[in-house]
There are 2 protein chains.
Amino acid sequence: MSKNKVISPFKPASHKHQDCLRAAIVAAKNHCDAVGIRLTPIRQRVLELIWQDHEPVKAYDILDKLKQSKSSSAPPTVYRALEFLQDEGLVHKIESLNAYVGCSDPKNIHKGQFFICHDCSFVAELDDGEIRHLLQKKAKRFGFEINDEMVEIKGYCQECRGLKE
Amino acid sequence: MSKNKVISPFKPASHKHQDCLRAAIVAAKNHCDAVGIRLTPIRQRVLELIWQDHEPVKAYDILDKLKQSKSSSAPPTVYRALEFLQDEGLVHKIESLNAYVGCSDPKNIHKGQFFICHDCSFVAELDDGEIRHLLQKKAKRFGFEINDEMVEIKGYCQECRGLKE
DNA sequence: ATTCTAGATGTTATATTATAACATAACATT
DNA sequence: AATGTTATGTTATAATATAACATCTAGAAT
């Protein structure tokens, strides 16, 4: 069963990001309700901060912003929230950047494939069956059983390439 | 031009690793000679420490070992050597582990695809044109121009799977 | 409604990973 | 030997992440 989803496409800088943010929070609430877990104020706030944009966000940048409204915040505050959000598929860690991005498709827990623009830092996410299938095929050749995968591709998005001309 | 190489296959735990180590050092010397750069004693020592095994090695573990023979060693000693070795394609960083593995194919600088066993930590490396090509194809669909890629797959190698029965 | 409890947060400390900045040494060319 | 370049030494600190234990609180069980 090999789904081929564009979880989060590149969007023009001009897109109405309020809608992305709002949708992500609604999806998160629905997911947590459905699963019977708590999207506490801290967790929701961290998720909102991550969704400020489509760029990966660093843990200590989240912390700085959290502190502005909640002075009791400390590194564990952020890392705990991040752990929760990652476990629930609401956030992915970009390993090559030590940074975190929101995921708009929490229901179905997965490890996506990420395309990250060097210029604007936008992260697009796929959950692509064809890629997974090819990796499976390669692994199978030497008897390797996959259980986790990280695919992070960097380069230049269409919009930024246009600007360079 | 799409090469399909197995840079570093899984090998049985029983393989004669001395040969891997020796070959890697010879290849490194040849490469540096050919390019006209210096594989200094520190750099060579770091490379040897990384090639102690096929497992990814952490920077501070390298540092601890370096110190045993060279007490002046400090973090920059290691990170500089690692930077040199990475630039020359002699070492890759595994981003998801913050650890480093040797590469036996320095001539042709590339970013490989890594398969990492959870049990024995062995890292196998491919430089696979088919994978690269598929990622290119996916990227092209939304006008993305790739210039760097990270593919790190975790799971269980054949040998370790056999042991679990 | 009260008690209980698991889960969430607060707090302090520290581990781990990596780089900045400047001083000195080694080496290669003239 | 004088010079410029590359490599190393040294000190300090930045950036990322976790351990350990105390306290609180929302919601379940009674």
Bending between helix ends of the helix from C:dA1-D:dT30 to C:dT30-D:dA1 [5 pairs per end, 10° resolution]: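 Rounded to the nearest 10 degrees, the bend comes out at 30°.
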
Side-chain donor-acceptor pairs under 3.5 Å in residues 34-54 of chain A, sequence neighbours left out?
from	atom 1	to	atom 2	distance (Å)
A:T40	OG1	A:R43	N	3.4
A:R43	NH1	A:R38	O	2.7
A:Q44	NE2	A:E48	OE2	3.0
A:R45	NH1	A:E48	OE1	3.2
A:Q52	NE2	A:E48	O	2.9
A:H54	NE2	A:H15	NE2	3.2
A:H54	NE2	A:H17	ND1	3.2

Pairing residues for A:E145 by the side chain to side chain donor-acceptor pair (under 3.5 Å) criterion, not counting sequence neighbours: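 Scan of A:E145 (side chain to side chain donor-acceptor pair (under 3.5 Å), adjacent residues dropped) gives B:R161.
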
Atom [atom1] of [X] and atom [atom2] of [N]: how far apart are they, to the nearest Å?
| X | N | atom1 | atom2 | value |
| --- | --- | --- | --- | --- |
| A:L66 | C:dT9 | CG | C1' | 12 Å |
| B:E88 | D:dT6 | CD | C1' | 14 Å |
| B:K67 | D:dT8 | NZ | P | 18 Å |
| B:L82 | C:dA18 | CG | P | 9 Å |
| B:E95 | C:dT17 | CD | P | 13 Å |
| B:L63 | C:dT16 | CG | C1' | 12 Å |
| B:D64 | C:dT17 | CG | C1' | 13 Å |
| B:R80 | C:dC22 | CZ | C1' | 10 Å |

Using modelled atom types and a 3.5 Å cut-off, is there a donor and acceptor pairing between side-chain atoms of A:E152 and backbone atoms of A:E95?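 Yes; at least one donor-acceptor contact below 3.5 Å.
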
Any pair counted as side-chain hydrogen bond (donor to acceptor under 3.5 Å, both in side chains), so long as it reaches residues 65-79 of chain B, sequence neighbours left out: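 Not a single pair qualifies under side-chain hydrogen bond (donor to acceptor under 3.5 Å, both in side chains).
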
What pairs with B:K140 under salt bridge (charged side-chain N to carboxylate O under 4.0 Å, His left out), at least two apart in sequence or on another chain?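 Partners of B:K140 under the salt bridge (charged side-chain N to carboxylate O under 4.0 Å, His left out) test: none.
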
Check salt bridge (charged side-chain N to carboxylate O under 4.0 Å, His left out) between B:K138 and all other residues, then give those that pass, not counting sequence neighbours.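 A:D128, A:E130.
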
Which residues pass the side chain to side chain contact (heavy atoms under 4.5 Å, CB included) test with B:V57, not counting sequence neighbours?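 Expected list: B:D61, B:I62.
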
What residues from residues 25-55 of chain B pass a heavy-atom cutoff of under 4.0 Å to DNA chain D?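 Of all residues in residues 25-55 of chain B, the ones placing a heavy atom under 4.0 Å from DNA chain D are B:R38, B:T40, B:I42, B:R43.
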
How does protein contact run along nucleotides 11-16 of chain D, one letter per nucleotide 5' to 3', with B for base contact, S for sugar-phosphate only, - for none, heavy atoms under 4.0 Å? B----B

Under a 4.5 Å side-chain heavy-atom rule over Ile, Leu, Val, Met, Phe, Trp and Tyr, are B:I146 and A:L134 clustered together?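 B:I146 and A:L134: one cluster.
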
Is the phosphate of D:dG9 approached by B:K70 (side-chain N or O, under 4.0 Å from OP1 or OP2)?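 For D:dG9, OP1 or OP2 has a side-chain N or O of B:K70 closer than 4.0 Å.
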
Apart from A:V26 itself, which Ile, Leu, Val, Met, Phe, Trp or Tyr residues share its cluster (side-chain heavy atoms under 4.5 Å, direct or through members)?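 Joined to A:V26, directly or through intermediates: none.
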
Report the hydrophobic cluster partners of B:M150, with the cluster defined as I, L, V, M, F, W, Y residues connected by side-chain heavy atoms closer than 4.5 angstrom, directly or transitively.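 Members other than B:M150 - counting any ILVMFWY side chain reachable under 4.5 Å - are A:M150.
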
Only pairs at least two apart or in different chains count here, so list each salt bridge (charged side-chain N to carboxylate O under 4.0 Å, His left out) that has a residue in residues 112-125 of chain B.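 Every pair satisfying salt bridge (charged side-chain N to carboxylate O under 4.0 Å, His left out) with a residue in residues 112-125 of chain B: there are none.
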
